[in-house]
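Scroll down for the structure; my scribbles are underneath it.
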Amino acid sequence: MRIATWNVNSLKARLPRVLEWLEYAQPDVLCMQETKLADDAVPVMDFEAIGYTVLHHGEGRWNGVAIASRVGVTEDRSGFGELVDPYEGEARLVAGTCGGVRVASVYVPNGRALGTDTYERKLEWLDRLLEWLDASHSPDEPLVVCGDFNVAPEDRDVYDPRAFEGATHVSDAERKRYQALLDWGFTDAFRQLYDDDRLYTWWDYRAGNFHKHKGLRIDHVLVTAPLRDRVTWALVDRNARKGEKPSDHAPLLVDLAL
DNA sequence: ATGGTAGCGCTGCTA
């Protein structure tokens, strides 16, 4: 099974790129973030025409998460359920079952700046994600949680750690929450295969950062123990960050021997 | 040089 995650930064603006990418990358499952669409605005026919069904959770304009699958997607649920969402009303979590694997597409809040209310609620949101996993899932089941975590787990995931001192995405509190997910039972599928630094998934549109290799590794595919030893291949598709109207994120692909 | 771009939607916010 090939599973991918991609913050598309508007599925409306990115639709041609996403459809083109699906046809050549051939993932079985694509988790998307920042679709910026309401559920009834999703171009489901375009996906169905190339063999994918779409599970979408969005409120329009901002945020929005989705799972496109060509191996089916069932048991949909969105949000934290009974748990209080620190970003109530914002579509940042959707989960379904695809070919026997539980899959969640997450868009962790950005947090903007340390010391702000949005940052504090980002930390709470990450706490709530762990509580949600504890309440409704098990590290013993085949589970993939992937998406834009807006956390660079280590300094080697940042193009210039000194430039990010005191910034979001790299703070101890954020990294502690990311580590708590690993401690719960997840493995970072990409890191399991690649130990190199300067392997990024996001580059700011501004100042030509992509071409200067100034990026962050903030998009992740987390897999539980039953899947950990089945990860055979992973790739950040930097070609998708090039060309006409790219997203500011590249897709991350992982192959599972299933 | 402390900037820059992109998306949404129409004013400035969000990233």
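Every chain is numbered from 1 and lettered A, B, ... according to where its sequence line falls, protein lines coming before strand lines. Note: hydrogens, waters and symmetry copies are ignored here, and every other heavy atom, side chains too, is used.
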Q | d(CG, N7(A); C1', dA15(B)) in whole Å | A | 9 Å
Q: Look at the side-chain N and O atoms of R112(A) and state whether any lies under 4.0 Å from the OP1 or OP2 oxygen of dT14(B).
A: yes
Q) Taking CG from N209(A) and C1' from dG4(B), how many angstroms apart are they, rounded to a whole number? A) 8 Å
Q: Give a yes/no answer on whether the side chain of K245(A) brings an N or O atom under 4.0 Å of OP1 or OP2 in dG7(B).
A: yes
Q.
Distance check needed: dT2(B) P versus D160(A) CG, whole Å only.
A. 18 Å
(Q) Rounding to an integer number of Å, can you tell me how far E59(A) CD sits from dT14(B) P? (A) 13 Å
Q. Starting at CG of L15(A) and ending at P of dC8(B), how long is that distance when rounded to a whole Å?
A. 12 Å
Q.
Tell me the interatomic distance from Y107(A), atom OH, to dG7(B), atom P, rounded to whole angstroms.
A. 14 Å
(Q) Looking at every heavy atom in both L123(A) and R177(A), which two are closest together, and how far apart are they? (A) O-NE, 3.7 Å
Q | dG4(B) versus dA15(B) - spacing of their C1' atoms, nearest Å | A | 14 Å
Q) Rounded to whole angstrom units, what separation is found between the CG atom of D248(A) and the P atom of dT5(B)? A) 14 Å
Q.
Tell me whether E174(A) is salt-bridged to K122(A), with the criterion being a basic N under 4.0 Å from an acidic carboxylate O.
A. yes
Q. Pick the nucleotide of DNA chain B nearest each of G60(A) and A207(A); which residue has the one closer to the 5' end?
A. A207(A)
**Q.** Side chain of E34(A) - closest among dG7(B), dA15(B), dG12(B)
**A.** dA15(B)
**Q.** Least distance between heavy atoms, W6(A) atom then A250(A) atom
**A.** CD1-C, 3.7 Å
Q.
For a quick test of reading the model: is some side-chain N or O of R14(A) closer than 4.0 Å to OP1 or OP2 of dA6(B)?
A. no
Q: Between Y87(A) and W62(A), just flag the one whose closest nucleotide in DNA chain B comes earlier from the 5' side.
A: W62(A)
Q) Does S10(A) make a side-chain N or O approach to OP1 or OP2 of dC8(B) shorter than 4.0 Å? A) yes
Q) If the P atom of dG3(B) is compared with that of dG7(B), how far apart are they to the nearest Å? A) 23 Å
Q: May I ask you to verify if any side-chain N or O of R206(A) is less than 4.0 angstrom from the OP1 or OP2 atom of dG3(B)?
A: no
Q.
If I compare all heavy atoms of R217(A) with all of R191(A), which pair ends up nearest, and what's the gap?
A. NH2-CG, 3.2 Å
Q) Are the side chains of T97(A) and V103(A) in touch, meaning some heavy atoms are under 4.5 Å apart? A) no
Q: In whole angstrom, give the distance that lies between atom NZ of K212(A) and atom P of dG4(B).
A: 12 Å
